[in-house]
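Each chain gets a letter, A, B and so on, in the order its sequence line appears, and its residues count up from 1.
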Protein chains: 2
Amino acid sequence: MSSATITDVAQRVGVSVATVSRYLSGFNVRQRDEIENAIHELNYRPSAAARNLKSGRTATVAIVVPDISNPFFAAIASGAEAAAGPDYMVLLVNSGAVREREEKILGQLFGRVDGVILSPLQEDNEGPSFFSKYGLPIVFVDRITADADKFDSVLVDNVKGARLATEHLIALGHEKIAIITGPLHTTPGRLRAEGYTSTLKREKIALQKRYLIESDFTREGGYASMVKLLEDPIPPTAVITGNNLMSIGALEALKEKQIRIPEDISIIGFDDLEFPTLIEPGLTAIFRPWHEQGAEAMRALLARIAAQAAHTELSPQHHMVDVHLIERGSCAPPKGLPARSKG
Amino acid sequence: MSSATITDVAQRVGVSVATVSRYLSGFNVRQRDEIENAIHELNYRPSAAARNLKSGRTATVAIVVPDISNPFFAAIASGAEAAAGPDYMVLLVNSGAVREREEKILGQLFGRVDGVILSPLQEDNEGPSFFSKYGLPIVFVDRITADADKFDSVLVDNVKGARLATEHLIALGHEKIAIITGPLHTTPGRLRAEGYTSTLKREKIALQKRYLIESDFTREGGYASMVKLLEDPIPPTAVITGNNLMSIGALEALKEKQIRIPEDISIIGFDDLEFPTLIEPGLTAIFRPWHEQGAEAMRALLARIAAQAAHTELSPQHHMVDVHLIERGSCAPPKGLPARSKG
DNA sequence: AGAATTACTGAGAACGATTGCAGGAGCGTA
DNA sequence: TACGCTCCTGCAATCGTTCTCAGTAATTCT
């Protein structure tokens, strides 16, 4: 019932465990056929736990993300997986955007993986760097922590993306531009807001605090934030949404309130939608290669692991993924919304 | 640099490793404060590998799915995770719809997890049941293998869903009804086709083989299949799409060819879209609770693990998730497509 | 034929934890 | 003081591998 061990195989063939072990690692052994048979007959599988323990290597890496339901992170995972090659098993773990879970997961992963690609929940979280004190290679993707300069990272050019979006709207004549951004204690939340505010400043448009809404990267958050903006006595004429899910939520709110795009309001998403052609009008968006960003993170991790194995010094590598603006139909010059009726 | 072991902790405090181990497992020990300090100072983390090896338990379960980019599987994973509770770490592994990968993954997972939730790639795949010979609890979700009656499973009522869709179209007056289904060697592919054909038969509508298109559950497959249907000399007046991604692909094809829904063609999706309100007209769809299906699978797995631990006999449990039809705007009585122009 | 080289083999010590067992310290009771 | 009881402790075996080391058989060289 319970699984056979290498000893069982060795006994059945009449060789030592060392020989079976050697056979398993690809060395030449005299009774290779007999061993192969015995393995099949006994349904033998090497115990991963025992292997890890002895060798210290796991041939496994993990990707820890805040929300696996977000297609962005699913794509990051796919990209990373594709870049991992056949030698590594890639595990995906969802921290569910709960800080204690993230910390617990990192602890549990320790000793079971050779490295981790992490999208940390908060920039002020010391868990990851604390974690890496144990010598576990770690690469930040999309988000970093405060001391991240000491670690590898693969970020997107958040500031540039937000700048492109803001400039695009300003060029169209908008001045009442709002942004629905992610939590300011996350990297993309903070930097996209920064790109927005710095561009406004440079263009000499006064920042209206009520136009800068800190939300939570969820569809519900995007919906609620857009509703809030629409209820403003002087609603914005254009809105930048800070990630794909919030774009969807915001679009849902607009549709529900029957606000026309782009006639009544312009909207730009940071991150393109997955299926951009199906909705009408198409969402003008800041594009970046999701899959490639994941792949880049995996390459960085494998390089880090290799460096560690070779005891080579390797300074922290910081990769930056470029963005560009894709114009579709969701932006137009402002005409202003009708004045808000009471009730 | 490298991580401290339980021996280091024990030495620093001046107790035996057994005492430290007991402290870690929650027993009363005299020098608990000293041990706690030493653990912090040394950054000690128990080695998961060593623990596994000795105890045989891993406090970990895995979910193996064909395509993590498919929101359906992401939702299954979320649901399963939510049902797992804090005692288990949940790993997500992507088989990428490659059979050899699936087999390899199951092998690698052996010894690192207490159980697996699997959505197998093919019904004729013996890997999983072979795998379970090792005594590893396994629960099939959404898909099964040929000998699956011996294992737990959580399926959706595929036949009923396809029947509801087909009946709905027939009731509207359609007779030229096509289906774009998944691979017939997968459970949902086969059973959804079966629900479609059996309903046609019962309603005495002759099955047109060219209206039954076997595709591959991808957006690209849905797109290509729809294009193929539209090129038919006598195109169907209604189409059932066999999963969410193929629905999207099919809709993209229709949009590109400027075929109006539902005036020119009616369409029903098996599985609702993630953001159903944003596209126009809304897609009439067969709905099932994704998240709940994942949760059910996890409950089944935990029950199986518990039964195994208690050496209790537990007959295979087969759960069936119900479906219903959600009417939106994508279906109408047939009017026929304009005759196909050459070129 | 004898020496040197090659190619494989088995014994046994790790890896880092858990756990059964026997024993010792501390306490209460007679 | 002597005894028993409880509570904690350390020793050592163990989990299933890998890997070093020394040794043996087979082969080649002189």
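To the nearest angstrom, P of D:dC11 lies 14 Å from CD1 of B:Ile6. Between A:Tyr23 atom OH and D:dT17 atom P the separation is 15 Å, expressed in whole Å.
Legend: residues meeting side chain to side chain donor-acceptor pair (under 3.5 Å) with A:Thr19, ordered by chain and number and at least two apart, are A:Ser16. Taking the side chain to side chain contact (heavy atoms under 4.5 Å, CB included) definition, one finds that B:Thr218 meets it with B:Asp216, B:Glu220, sequence neighbours left out. Looking at residues two or more places apart in sequence or on another chain, you find a side chain to side chain contact (heavy atoms under 4.5 Å, CB included) between B:Ala307 and B:Thr312, B:Leu314. Not a single side chain to side chain donor-acceptor pair (under 3.5 Å) links B:Ser21 to another residue, sequence neighbours left out. The side chain to side chain contact (heavy atoms under 4.5 Å, CB included) test applied to B:Ala77 returns B:Ile63, B:Leu92, not counting sequence neighbours. Residues satisfying the side chain to side chain contact (heavy atoms under 4.5 Å, CB included) criterion with B:Asn37, sequence neighbours excluded, are B:Glu41. Applying the side chain to side chain donor-acceptor pair (under 3.5 Å) test to A:Gln317 and every residue at least two apart in sequence or in another chain returns nothing. When the side chain to side chain donor-acceptor pair (under 3.5 Å) test is applied to B:His319, the partners found at least two apart in sequence or on another chain are B:Glu296.
Projected onto DNA chain D by closest heavy-atom contact, A:Ser47 and B:Val15 fall at different nucleotides, the more 5' of which corresponds to B:Val15.
OP1 or OP2 of D:dG10 lies within a sub-4.0 Å distance of a side-chain N or O belonging to B:Ser16.
Comparing the axis of the opening five pairs of the helix from C:dA1-D:dT30 to C:dA30-D:dT1 with that of the closing five pairs yields an angle of 50°, rounded to 10°.
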Show me the protein contacts with nucleotides 19-25 of chain D, counting only N or O atoms at under 3.5 Å.
none

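At a cut-off of 3.5 Å, with distance as the only test, no side-chain donor of B:Arg112 or A:Thr58 sits close to an acceptor on the other residue.
Within the 4.5 Å cutoff, no side-chain heavy atoms of A:Val64 are placed close to those of A:Ile117.
Taking a heavy-atom distance under 4.0 Å as the criterion, the stretch of DNA chain C touched by chain B extends 5' to 3' from C:dG16 to C:dG20.
Nucleic acid contact class of A:Asn28 (heavy atoms, under 4.0 Å, all strands): sugar-phosphate only.
Residue pairs meeting the ring-ring contact (aromatic ring centres under 6.0 Å, His included) criterion with at least one member in residues 55-80 of chain A, sequence neighbours excluded, are A:Phe72-A:Trp290.
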